[in-house]
Amino acid sequence: MNAIINNQHIPLEIMTTPQARSTGMMGRDNLEGGMLFPFNEMGEKSFWMKDCNIPLDILFISGNKITDISRDCQPCEQVNCPSYKGLGDSVLELPGGFCSRENVQVGDRINFDGLSF
């Protein structure tokens, strides 16, 4: 299962259970590819970097279009971590700096190869 952005194929981990969604990248030291959080409804989504070990790019997606990008979000060990918000029906986390290196922009299309939510 892959996401394709600007002809770049990205292997995905898909977070579909409440436990997987709440844990996400907490306590992990690396992310090979991307972590996809599909939701059943369109709306504002909010993510934070509590207990994450590496910086992430957080992409908010509606259908197959990127609606917002929070770039190079830094790990947070505080009690009150900042939230990163955007409108979408799914969210994709990528290693920090990926969007800058690959010139990924708001409005770009993203295709999901072999995925059904």
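Heads up: numbering here begins at 1 and tracks the sequence.
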Gln19: partners by side chain to side chain contact (heavy atoms under 4.5 Å, CB included), with sequence neighbours left out
Thr17, Ser22, Thr23

Mind checking side chain to side chain donor-acceptor pair (under 3.5 Å) for Asn80 and listing every partner two or more places apart, or none if nothing turns up?
none

Solution key, residues 33-44 side-chain donor-acceptor pairs under 3.5 Å, sequence neighbours excluded:
{"residue": "Glu41", "atom": "OE2", "partner": "Lys45", "partner atom": "NZ", "Å": "3.1"}

Show me the side-chain donor-acceptor pairs of residues 91-102 shorter than 3.5 Å, one per line, residues at least two apart or across chains.
{"residue": "Arg101", "atom": "NH1", "partner": "Gly97", "partner atom": "O", "Å": "3.3"}
{"residue": "Glu102", "atom": "OE1", "partner": "Gln8", "partner atom": "NE2", "Å": "3.1"}
{"residue": "Glu102", "atom": "OE2", "partner": "Gln8", "partner atom": "NE2", "Å": "3.2"}

Side chain to side chain contact (heavy atoms under 4.5 Å, CB included) against Asp51, all qualifying residues, sequence neighbours excluded
Met26

Identify the two heavy atoms, one from Phe112 and one from Ser90, that lie closest to each other, and give their separation to 0.1 Å.
CZ-OG, 4.4 Å

Between Cys76 and Cys81, is the SG-SG gap under 2.5 Å?
yes

Could I get the full list of side chain to side chain donor-acceptor pair (under 3.5 Å) partners for Glu32, not counting sequence neighbours?
Asn30

Where at least one partner belongs to residues 52-62, residue pairs that pass side-chain hydrogen bond (donor to acceptor under 3.5 Å, both in side chains), sequence neighbours excluded:
Asp29-Asn53

Minimum heavy-atom distance between Asn103 and Gln105, given as atom pair plus value:
OD1-NE2, 2.9 Å

Sub-4.5 Å side-chain heavy-atom contact between Ile61 and Ile110:
yes

Whether the side chain of Lys50 engages the backbone of Gln78 through a donor-acceptor N/O pair (distance < 3.5 Å, no angle test) should be reported.
yes

Mind checking salt bridge (Lys or Arg N to Asp or Glu O under 4.0 Å) for Arg28 and listing every partner two or more places apart, or none if nothing turns up?
Glu13

Below 3.5 Å, can you tabulate the donor-acceptor pairs from side chains in residues 65-75 to any protein atom, sequence neighbours excluded?
{"residue": "Thr67", "atom": "OG1", "partner": "Phe60", "partner atom": "O", "Å": "3.1"}
{"residue": "Thr67", "atom": "OG1", "partner": "Leu87", "partner atom": "O", "Å": "2.4"}
{"residue": "Arg71", "atom": "NH2", "partner": "Val104", "partner atom": "O", "Å": "2.7"}
{"residue": "Asp72", "atom": "OD2", "partner": "Gln74", "partner atom": "NE2", "Å": "3.4"}
{"residue": "Gln74", "atom": "NE2", "partner": "Asp72", "partner atom": "O", "Å": "3.1"}

Enumerate the residue pairs fulfilling salt bridge (Lys or Arg N to Asp or Glu O under 4.0 Å) with a member in residues 81-92, sequence neighbours excluded, ordered by first and then second residue.
none

Side chain to side chain donor-acceptor pair (under 3.5 Å) involving Arg109 - partner list, sequence neighbours excluded:
Asn64

Measure the CZ-CZ distance between Phe47 and Arg21 for me, rounded to the nearest 0.5 Å.
8.5 Å

What ring-ring contact (aromatic ring centres under 6.0 Å, His included) pairs are there with at least one residue in residues 65-86, not counting sequence neighbours?
none

Do Met49 and Ile54 share a hydrophobic cluster, counting only Ile, Leu, Val, Met, Phe, Trp and Tyr and linking them when any side-chain heavy atoms are less than 4.5 Å apart?
yes

